[in-house]
There are 2 protein chains.
Amino acid sequence: MRYELYYWSGIQGRGEFVRLALEEADADYVDVCREDDGEAVMMALLDSDTVARPPFAPPFLKAGKQLVGQTANILQFLGPRHGLAPADEPGRLWTHQLQLTIADLVSEVHDSHHPLASSMYYEEQRREAKKRAADLVAQRLPKFLGYFERVLVRNSRPPKFIVGRKLTYVDLSLFQVISGLRYAYPNAMSRLEKKYSELVGLHDRVQEGPRIAAYLASARRVPHSEQGIFRHYKELDP
Amino acid sequence: MRYELYYWSGIQGRGEFVRLALEEADADYVDVCREDDGEAVMMALLDSDTVARPPFAPPFLKAGKQLVGQTANILQFLGPRHGLAPADEPGRLWTHQLQLTIADLVSEVHDSHHPLASSMYYEEQRREAKKRAADLVAQRLPKFLGYFERVLVRNSRPPKFIVGRKLTYVDLSLFQVISGLRYAYPNAMSRLEKKYSELVGLHDRVQEGPRIAAYLASARRVPHSEQGIFRHYKELDP
């Protein structure tokens, strides 16, 4: 079966966490918005009055007749089908729990450049963004990254993954978090990273995996930019 | 088996979504932080070096030897065990997808009084909170509440629930959202509610259910306050 991924074509954004899982799984999928009129198709689906279980927002995945929305929920759907999550229920719940904690971090990173409103331009909230970004770097990133580092250390012997002995979608998402934070906050990360060697090591192992390496080298991987979640603004990263 | 719920005792907060499910399920549970030294027990668990799968933050649930964290994940764990979620996988994923959308709304409501940093007092970010709260009321609440109203209308005949024909944990959470928004933004809600009659009807049906009604009348239901997620500040609700 060919999956249909619905997400904005020009950015990594939240869709990238799903793309990484589909790529690692070598799944047959189409990134709908990169096709002709793809975004029109997505908007029509979002606005349709007849979809029984409508998604609130992109990303969402079409699998046969099933529509699955919410990034972490899509990963929870794909994980067991493609060997990217444990088979047992406690293992699946734990994997998903880690993904939901990543989702919380991702929302906080987004709000570091849009603390007042997503509907306003960054330039209209730069002053407030400086304060929120300072708190993100001083308080929140150490709390989140320190947590994932602890879980990694506690999990297993080398080669280390965050759940059990095999790569899961959470490892892929942690790669994306480190990649995004390095782009958005290079100065802060150069200081912080020293404390999170296991996390950095995981990032490197994921990046060097054959399928992910091929994906990152392809045109399918759009670059980081100031349209997505991980945005670089010099004044936010002194 | 007796569940142990770990969450701050003095507030509804995110733990309330779990309490409502445990109460509706008539589950055997202890709200640990309301016992003597309960919060010390919770903090020891959070700080422990030996917990293999440590939660990032409260709420979390102990079920036998299993620790389950992240509000929506706890509900996903409890749902099928207590008839508060569909048994089929597509139904469970859809129910969870709705819960994750509620979690997004809850985070935005929290940030409406803490747009700059959770680590700062409200009084230090009142000016910014006025802007974020204005956007919440003008843009975000209509988007979220309009979505849930559409899903309700699309789902079924009376008596309406949001998934299928039976009450799920999402119905309980939507009750809590309406209850909290009425407390935090009474003026805004008195205007907005008129557009969401199905959602208001669902709130009322949940509130009148025998187990939830008994819970709400008991001392176990702590009142809304300015310590939780749904906070009332006059200046944010002109």
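Each chain gets a letter, A, B and so on, in the order the sequences are listed, and its residues count up from 1.
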Colleague: Where do Gln76(A) and Leu93(B) come nearest, in terms of heavy atoms and distance?
Modeller: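 Here Gln76(A) and Leu93(B) meet closest at NE2-CD2, 3.7 Å.
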
Colleague: Does any part of the side chain of Gln125(A), heavy atoms only, come nearer than 4.5 Å to the side chain of Lys131(B), both counted from C-beta?
Modeller: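 They are not in contact (no side-chain heavy atoms under 4.5 Å apart), so the answer is no.
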
Colleague: Measure distances from Thr50(B) to the heavy atoms of chain A and classify the residue's part below 4.5 Å as side chain, backbone, both or neither.
Modeller: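 For Thr50(B), backbone heavy atoms alone lie under 4.5 Å from chain A.
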
Colleague: Heavy-atom distance under 4.5 Å to chain B: side chain of Arg150(A), backbone, both or neither?
Modeller: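 No part of Arg150(A) comes within 4.5 Å of chain B.
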
Colleague: Between NZ of Lys143(B) and OG of Ser118(A), what distance do you get to the nearest 0.5 Å?
Modeller: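 Going from the NZ atom of Lys143(B) to the OG atom of Ser118(A) covers 10.5 Å.
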
Colleague: Sort out for me which of Ile74(A), Asp111(A), Val151(A), Val68(A) touches chain B most, counting heavy-atom pairs under 4.5 Å.
Modeller: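 Among Ile74(A), Asp111(A), Val151(A), Val68(A), the one with the most close pairs to chain B is Asp111(A).
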
Colleague: Of the backbone (N, CA, C, O) and the side chain (C-beta and beyond), which part of Gln139(B) lies under 4.5 Å from a heavy atom of chain A, both, or neither?
Modeller: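 Only the side chain of Gln139(B) comes within 4.5 Å of chain A.
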
Colleague: Between Phe56(A) and Tyr147(B), how do the two ring planes meet: parallel, tilted or perpendicular, split at 30° and 60°?
Modeller: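 Geometry flag for Tyr147(B) against Phe56(A): perpendicular rings.
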
Colleague: With a 4.5 Å cut-off on side-chain heavy atoms, are Thr71(A) and Leu100(B) touching?
Modeller: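 Not in contact.
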
Colleague: Which atoms of Arg154(A) come close to chain B, meaning under 4.5 Å heavy atom to heavy atom: side chain ones, backbone ones, both, or neither?
Modeller: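 Contact with chain B is through the side chain of Arg154(A) alone.
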
Colleague: Please look at Leu67(B) and chain A and tell me whether the side chain, the backbone, both or neither of the residue comes under 4.5 angstrom of a heavy atom of that chain.
Modeller: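 Only the backbone of Leu67(B) comes within 4.5 Å of chain A.
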
Colleague: Please classify the contact between Asp135(B) and chain A as side chain, backbone, both or neither, with a heavy-atom cut-off of under 4.5 Å.
Modeller: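 For Asp135(B), the side chain is the part near chain A, not the backbone.
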
Colleague: Please classify the contact between Asp49(B) and chain A as side chain, backbone, both or neither, with a heavy-atom cut-off of under 4.5 Å.
Modeller: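 For Asp49(B), backbone and side chain are both near chain A.
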
Colleague: For Val51(A), is it the side chain, the backbone, both, or neither that has a heavy atom closer than 4.5 Å to a heavy atom of chain B?
Modeller: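 Contact with chain B: backbone and side chain both.
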
Colleague: Between Glu128(B) and chain A, which part of the residue has a heavy atom less than 4.5 Å away: side chain, backbone, both or neither?
Modeller: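 When you check distances to chain A, atoms from both the backbone and side chain of Glu128(B) fall under 4.5 Å.
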
Colleague: What residue in Ala133(B), Ser119(B), Ser112(B), Gly69(B) has the most heavy-atom pairs under 4.5 Å with chain A?
Modeller: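 Most heavy-atom pairs within the cutoff with chain A belong to Gly69(B).
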
Colleague: When only pairs under 4.5 Å are counted, which of Val163(A), Asn155(A), Asn73(A), Leu136(A) shares the most heavy-atom pairs with chain B?
Modeller: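 Counting heavy-atom pairs under 4.5 Å, the top option is Asn73(A).
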
Colleague: Measure Gln97(A) against the heavy atoms of chain B and call it side chain, backbone, both or neither at under 4.5 Å.
Modeller: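 Contact with chain B is through both the backbone and side chain of Gln97(A).
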
Colleague: Chain A heavy atoms under 4.5 Å from Phe148(B): which part of the residue, side chain, backbone, both or neither?
Modeller: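 Contact with chain A is absent: no heavy atom of Phe148(B) under 4.5 Å.
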
Colleague: Shortest non-hydrogen contact from Asp104(B) to Gln70(A)?
Modeller: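 In terms of heavy atoms, the two residues are closest at OD2-NE2, 3.0 Å.
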
Colleague: In terms of heavy-atom pairs under 4.5 Å, which option from Pro55(B), Ala52(B), Ala103(B) contacts chain A the most?
Modeller: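 Among the listed options, the one with the most contacts to chain A is Pro55(B).
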
Colleague: Under 4.0 Å between a side-chain nitrogen and a carboxylate oxygen: does that hold for Glu89(B) and Arg92(A)?
Modeller: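 Answer for the salt bridge query: no.
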
